[in-house]
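These notes concern the structure reproduced below.
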Amino acid sequence: VQLQASGGGLVQPGGSLRLSCVASGFTLGYHTVGWFRQVAGKEREWVSCSSSSDGMTYFNDPVKGRFTISRDNAENTVFLQMDLLKPEDTAVYYCAAGLNESIRRCQRTEPSWYDHWGQGTLVTVSS
């Protein structure tokens, strides 16, 4: 059982990146998938969630309107499209998956509700 996050890199302010989260050993389509980010010395911050229950997606206020999340169930992959990137988006981004009822509709955003984590991919927004 593994999650592999990729797609990070260096981008200028206003630019875009698409992060991928590929699952192996389990069917990602049955799981709620969350994206989190973390800056050194700070707590891991919830970014976005794709519900396993109703297909809805949710975003934290700082990224609302700029980020979108989508699934490709045939590829067992979830994507985080990040547009209009800002320097404050710089962080290591993690994808996570879980089956807990408390996150089935993305009701809870704490990292502890998720069972499986990717290794993180670094996003740097700088000119």
Side-chain angles (χ1 to χ4, degrees):
V1 173
Q2 190 175 9
L3 282 176
Q4 182 80 25
S6 62
L10 173 64
V11 63
Q12 292 187 341
S16 298
L17 281 175
R18 189 176 79 157
L19 306 184
S20 300
C21 178
V22 182
S24 58
F26 68 102
T27 303
L28 198 56
Y30 297 150
H31 289 67
T32 288
V33 176
W35 285 94
F36 294 78
R37 64 187 183 186
Q38 190 167 22
V39 176
K42 294 189 176 181
E43 290 190 353
R44 195 163 292 190
E45 175 188 33
W46 173 74
V47 174
S48 176
C49 178
S50 171
S51 168
S52 63
S53 170
D54 53 14
M56 295 293 290
T57 58
Y58 303 85
F59 300 89
N60 202 349
D61 284 345
V63 308
K64 203 170 289 183
R66 301 187 295 119
F67 290 12
T68 57
I69 189 171
S70 60
R71 292 179 181 254
D72 184 338
N73 288 334
E75 297 295 326
N76 219 21
T77 301
V78 173
F79 301 99
L80 183 68
Q81 177 68 40
M82 307 186 296
D83 298 319
L84 300 174
L85 283 161
K86 304 176 181 181
E88 51 264 43
D89 295 319
T90 296
V92 177
Y93 283 72
Y94 298 89
C95 62
L99 286 171
N100 196 289
E101 180 63 27
S102 293
I103 56 171
R104 194 164 67 90
R105 288 185 298 277
C106 301
Q107 309 97 300
R108 302 296 298 267
T109 59
E110 297 88 349
S112 58
W113 291 105
Y114 289 82
D115 305 309
H116 310 297
W117 287 84
Q119 83 287 3
T121 184
L122 177 62
V123 172
T124 303
V125 185
S126 175
S127 55

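Keep in mind that the numbers below use all heavy atoms, side chains included, and drop hydrogens, waters and symmetry copies. Numbers here simply count residues along the sequence, with the first being 1.
- By the criterion of side-chain heavy atoms lying less than 4.5 angstrom apart, applied directly or through intervening Ile, Leu, Val, Met, Phe, Trp or Tyr residues, V11 is not grouped with V92; the two fall into different hydrophobic clusters.
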Distance-only donor-acceptor pairs under 3.5 Å for side chains of residues 118-127, two or more places apart:
| unit_1 | atom_1 | unit_2 | atom_2 | d |
| --- | --- | --- | --- | --- |
| Q119 | OE1 | A5 | N | 3.1 |
| Q119 | NE2 | A5 | O | 2.7 |
| T121 | OG1 | G8 | N | 3.0 |

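- Evaluation of the salt bridge (charged side-chain N to carboxylate O under 4.0 Å, His left out) test over residues 4-27, restricted to residues two or more places apart or in two chains, returns none.
- Remark: D54 engages no residue in a salt bridge (Lys or Arg N to Asp or Glu O under 4.0 Å) (not counting sequence neighbours).
- The main-chain N or O of N100 is never found under 3.5 Å from a side-chain atom of R108 such that the two would form a donor-acceptor pair.
- Among residues at least two apart or in separate chains, disulfide bond (SG atoms under 2.5 Å apart) pairs with a member in residues 52-96 are C21-C95.
- Applying the salt bridge (charged side-chain N to carboxylate O under 4.0 Å, His left out) definition to pairs two or more places apart or across chains, those involving residues 34-48 are R37-E45, R37-D89.
- Under the 4.5 Å side-chain contact rule for hydrophobic residues, F59 and W35 share a cluster.
- Residues Q107 and R105 approach most closely at OE1-N, 2.8 Å, considering heavy atoms.
- Across all non-hydrogen atoms, the minimal contact from I69 to T57 is CG2-CG2, 3.1 Å.
- Side chain of T27 to backbone of G29: no donor-acceptor contact under 3.5 angstrom is found.
- S48 is not listed as a side-chain neighbour of F67, based on a closest heavy-atom distance of 4.5 Å or more.
- L84 belongs to no hydrophobic cluster, as no Ile, Leu, Val, Met, Phe, Trp or Tyr side chain comes under 4.5 Å of its own.
- Side-chain atoms of P62 and E88, non-hydrogen and from C-beta on, never get closer than 4.5 Å to each other.
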* Asked: Would Y94 and L3 count as a side chain to side chain contact (heavy atoms under 4.5 Å, CB included) if you check the C-alpha gap in whole Å, the side-chain angles of each, and the deciding distance to 0.1 Å?
  -> CA-CA 10 Å; Y94 298 89; L3 282 176; over 6 Å; no
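- Note: W117 and F36 have tilted aromatic rings, judged against thresholds of 30 and 60 degrees for the angle between ring planes.
- Scored by the side-chain contact (heavy atoms from CB on, under 4.5 Å) test, T32 finds C49, S52, I103, C106, Y114 as partners (sequence neighbours excluded).
- In terms of hydrophobic clustering, with Ile, Leu, Val, Met, Phe, Trp and Tyr side chains grouped at heavy-atom distances under 4.5 Å, V22 and V1 are assigned to different clusters.
- For S6, the side-chain contact (heavy atoms from CB on, under 4.5 Å) test picks out S20, with sequence neighbours left out.
- W46 pairs by the side chain to side chain donor-acceptor pair (under 3.5 Å) definition with nothing, not counting sequence neighbours.
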Side chains of residues 76-83: which donor-acceptor pairs under 3.5 Å do they make with residues two or more places apart or in other chains?
| unit_1 | atom_1 | unit_2 | atom_2 | d |
| --- | --- | --- | --- | --- |
| N76 | OD1 | L28 | N | 2.8 |
| N76 | ND2 | A23 | O | 3.0 |
| N76 | ND2 | F26 | O | 2.8 |
| T77 | OG1 | E75 | O | 2.8 |
| Q81 | NE2 | D83 | OD1 | 2.8 |
| D83 | OD1 | S16 | OG | 2.7 |

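- In this structure, the separation between CE on M56 and OG on S51 is 8.5 Å, given to the nearest 0.5 Å.
- The side chain to side chain donor-acceptor pair (under 3.5 Å) search around T68 returns none, not counting sequence neighbours.
- Think of Y30 as one node in a network of Ile, Leu, Val, Met, Phe, Trp and Tyr side chains linked at under 4.5 Å; it has no links at all.
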